[in-house]
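All remarks here apply to the structure that follows.
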There are 4 protein chains.
Amino acid sequence: MMISPSYKEKELVIMRALMRLLARGQTLAEIKTSDIAQEAGVGKGTLYNYFAAKEDIFARTVIYSIDTLLHGIWERMDRESSFRGKCYAVLFSIHEMMANEHSDLNLILFNLGSREAKQLLGGEISLIWRYLSAIREKVLQLAQTGADEGLFPPYTDEEYTYSAFASALMGFVHARCRMDLPTDGALRTAMGNAYTLLLKALN
Amino acid sequence: MMISPSYKEKELVIMRALMRLLARGQTLAEIKTSDIAQEAGVGKGTLYNYFAAKEDIFARTVIYSIDTLLHGIWERMDRESSFRGKCYAVLFSIHEMMANEHSDLNLILFNLGSREAKQLLGGEISLIWRYLSAIREKVLQLAQTGADEGLFPPYTDEEYTYSAFASALMGFVHARCRMDLPTDGALRTAMGNAYTLLLKALN
Amino acid sequence: MMISPSYKEKELVIMRALMRLLARGQTLAEIKTSDIAQEAGVGKGTLYNYFAAKEDIFARTVIYSIDTLLHGIWERMDRESSFRGKCYAVLFSIHEMMANEHSDLNLILFNLGSREAKQLLGGEISLIWRYLSAIREKVLQLAQTGADEGLFPPYTDEEYTYSAFASALMGFVHARCRMDLPTDGALRTAMGNAYTLLLKALN
Amino acid sequence: MMISPSYKEKELVIMRALMRLLARGQTLAEIKTSDIAQEAGVGKGTLYNYFAAKEDIFARTVIYSIDTLLHGIWERMDRESSFRGKCYAVLFSIHEMMANEHSDLNLILFNLGSREAKQLLGGEISLIWRYLSAIREKVLQLAQTGADEGLFPPYTDEEYTYSAFASALMGFVHARCRMDLPTDGALRTAMGNAYTLLLKALN
DNA sequence: GATGAATGAGTATTCATTCAT
DNA sequence: CATGAATGAATACTCATTCAT
């Protein structure tokens, strides 16, 4: 299920050090190679035995984070059997990721502009499409589950269906963004709104 | 309607020069003060007569762009009288903004990570909230229009209503992002999906 | 008579600073950009307003030194009217250059390997040939002077004649190199030997 | 006849690896310890079992090359019995050395500035004098041979005689340097000029 | 106000050397 | 003896900012 390759011990040490620094609130632009080395507990030179350049550390850490994140979300979904349970599992994962400064992905993504991200991912741009298609497949499976439960008819327009899930999810992200310190109530409301919208959209 | 203050002649010359550079495909990180000065046709020292620092040029250009963008969208909406016309006006504005490398806002936003953006907007973070509340108000007016036309019942849950618009819009943005070179057909489909979803969500 | 272009004030300040550092016994490889800047009394950044890179400073200083040196030798030769006087003027110039740690050229040349020198002179390799042909012309004029004085017959074989001057000169350089602290006597002997050899070779 | 000490197997492997790298056109400054180790087919650490430092490798390789070169020239001279044959043997050796990128010595010498060379030879500066005196002795023997053949009178001024040989040789080197791709004819002319000059100088 | 030459703090990267295995 | 992963000192170069004109 992991899409990217396996990692050497030291590579992980270094990438995790970078993520800890980001978790501490530092910007990518602020982080120096010496900071990463120190945080990782290795010499500065060692970085360059495993990564071609500072940028390379960033790029590969983004990929590692996406992998880890998706892996986490899917594990959580798979533990639920109902459509509703799976949807809330995703929403809850997203919420946690946004709440947790230490959450792998958001640290990276919120530190990159999209133009910059494209450059960082560079040659590995195809990875993006592989992620997107893996996600799409998962979404359509989920739609199937909902249809099986009789919550809405089986889909006939794949693109519309996918788009409905995307809309509900991103609407939730937007709502979540607008909360400074989300209360349980506000959170439940936002999740409920997303779920309601999804069902209406698919009926 | 412009939320930010008025600008001096030279300030505009400089901010527009920055936007031309971005339009040319350069990253914020790549752009040097000397580039901006040259593109603006002024001396490097002149920049510092109008802006406190390089970062300040960026920050104020972001705001200027948002202003310009929102102004444009609203003008376009106001030219339409029907609910459907207003909705498509917004979707079309977004599409254009994403298609047009020269579109003011996207140049800026796509060059900023959100963490960085927060820092840039800095003390002016309240501006963000003023924009958001202006937008919310406009959205609710729009919902009123739709209700008046009998397309859906008047809203009772303001947050849900706002969220539905946000979801439809962001779903469209996501769909639009997935098109490399959008065909007319694909575009119309994506807009149709967003509009359909919105109506279903509000009924 | 100067073969290379004219120099800006600051360029000269910098090149002369480099030469002072070399005169102080430092190797080219040891000299840092900051050393040059400090010795020149300018900021490190200023170096890069006048030279493209450290290597460029070296390369252009070599050329400047060669110019200066040749200019000096020729001035000295021109002050003498007799063949013998002109020859001794050259030998004496060479001696001085080798004795004087501050002599422009030797500082540079003795710090370069020939492979490195070729690279430094780089695109300006044609300059070398212009210098060599200027020298050859001067040598043949000198041969003419000697023939006019009846010291040896006019030359028929230009290459042999040029080669004889070169041999005598380089033999002197070799002899001079072998002296640690040259006494007046040893010096006069070496010059005498070179002059004798030259006359015999040309008769 | 070898002036420097004998070498261990691995030392030779390493020094020859360095020479191959130089032969390939790389500058001393460009060559890294890892390059030498790789070319020699040993681990980087092994270098330090046989040499104190990178500089030490260079220095001892210079000496090894000089030894090899002189040894080669003298062997060639000894195979000739006539004065003329011996002289041409030397000139031809020099020519070959300059023509052959792989010739041991020139690779080293043409990569060193003289200041640097002094440092490299370092404590072993006395070696230089031993070489020079061995050379001087050989030259005077050669002069004796020429006198025995009646080509010129026996020498009375040792220094002048030595100097004449040095001049002729260095004049040839200078001429040879000026040829880009030496033709047979040009080469024979240059050798003839050197030999002619030598005989004239000694008569 | 406008200019741009001068500045020097700041940083990614290299590579000789070591030493645990 | 042989190795090569780990190290960190060392350094060229950039570029935002200043200020004398």
Side-chain angles (χ1 to χ4, degrees), chain A residues 8-11 13-14 29-38 40-58, chain B residues 8-10 13-14 28-38 40-58, chain C residues 8-11 13-14 29-38 40-58, chain D residues 8-10 13-14 28-38 40-58:
Chain A
K8 293 186 192 158
E9 174 72 18
K10 276 271 165 66
E11 287 173 341
V13 166
I14 291 168
E30 290 167 7
I31 295 175
K32 303 177 239 177
T33 52
S34 57
D35 295 332
I36 300 176
Q38 185 169 47
V42 302
K44 229 183 327 175
T46 303
L47 301 183
Y48 291 87
N49 289 337
Y50 296 91
F51 297 89
K54 192 185 168 190
E55 274 209 334
D56 190 41
I57 306 181
F58 292 165
Chain B
K8 297 184 190 159
E9 176 73 18
K10 276 267 167 73
V13 166
I14 291 168
L28 269 193
E30 291 168 5
I31 296 175
K32 305 176 223 173
T33 51
S34 57
D35 295 332
I36 300 175
Q38 184 171 45
V42 303
K44 238 185 319 177
T46 303
L47 300 183
Y48 291 85
N49 290 333
Y50 295 92
F51 297 88
K54 190 189 173 190
E55 276 210 332
D56 190 40
I57 306 180
F58 292 165
Chain C
K8 295 185 191 159
E9 175 72 18
K10 276 269 165 67
E11 286 173 341
V13 166
I14 291 168
E30 290 167 5
I31 295 174
K32 301 176 245 179
T33 51
S34 57
D35 295 332
I36 301 176
Q38 185 170 46
V42 302
K44 226 181 334 171
T46 303
L47 300 184
Y48 292 87
N49 290 337
Y50 295 91
F51 296 89
K54 193 185 167 190
E55 275 211 334
D56 190 40
I57 306 180
F58 292 165
Chain D
K8 295 187 191 157
E9 177 71 16
K10 277 265 168 75
V13 166
I14 291 168
L28 269 193
E30 290 167 5
I31 295 175
K32 307 175 220 174
T33 52
S34 58
D35 294 332
I36 301 176
Q38 184 171 46
V42 302
K44 238 187 315 181
T46 303
L47 300 182
Y48 290 85
N49 290 333
Y50 296 92
F51 296 88
K54 191 188 172 190
E55 277 210 332
D56 190 39
I57 306 180
F58 291 164

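Basis for what follows: all heavy atoms, side chains included, without hydrogens, waters or symmetry-related copies.
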Students often get this wrong, so: under 4.0 angstrom with heavy atoms, is A37(C) touching a base, only sugar-phosphate, or nothing?
nothing

Read 5' to 3' with Watson-Crick or G-U pairs under 3.5 Å, [ ] for crossing pairs and | for partners on another strand, DNA chain F gives .||||||||||||||||||||

*asked:* Suppose we call a contact any N or O donor and acceptor under 3.5 Å apart; does that hold for the side chain of K10(B) and the base of dG1(E)?
replied: no

note: I31(A), atom CD1; dA12(E), atom C1'; distance rounded to Å ~ 15 Å

Comparing K44(A) with T33(B), nearest DNA chain F nucleotide closer to 5' gives the residue K44(A)

Dump the pairs, protein N or O against N or O of nucleotides 19-21 of chain E, anything under 3.5 Å, distances to one decimal.
none

In whole angstroms, the gap separating C1' of dT17(E) from CD of E55(D) amounts to 14 Å

Rounded to whole Å, CG of N49(A) lies from P of dT14(E) at a distance of 11 Å

For T33(B), the side-chain contact (heavy atoms from CB on, under 4.5 Å) test, sequence neighbours excluded, returns K44(B), L47(B), Y48(B), K54(B)

Rounded to whole Å, the CD-P distance (E9(C) to dA6(E)) equals 11 Å

Check: Does any donor-acceptor pair link the side chain of K32(B) with the base of dT14(F) at a separation under 3.5 Å?
Finding: no

Rounded to whole Å, the CD-P distance (Q38(A) to dT7(F)) equals 13 Å

Closest non-hydrogen atoms of Y50(A) and K8(A), given as atom of the first, atom of the second and distance, are CE2-CD, 4.1 Å

Taken to the nearest whole Å, CD1/I36(C) to P/dT11(F) is 13 Å

(Q) By the 4.0 Å heavy-atom rule, please label K54(C) as base, sugar-phosphate, or nothing. (A) sugar-phosphate

Whole-Å distance, I57(D) CD1 to dT17(E) P, equals 8 Å

Using a 4.0 Å heavy-atom cut-off across all strands, classify Y50(A) as base, sugar-phosphate, or nothing.
sugar-phosphate

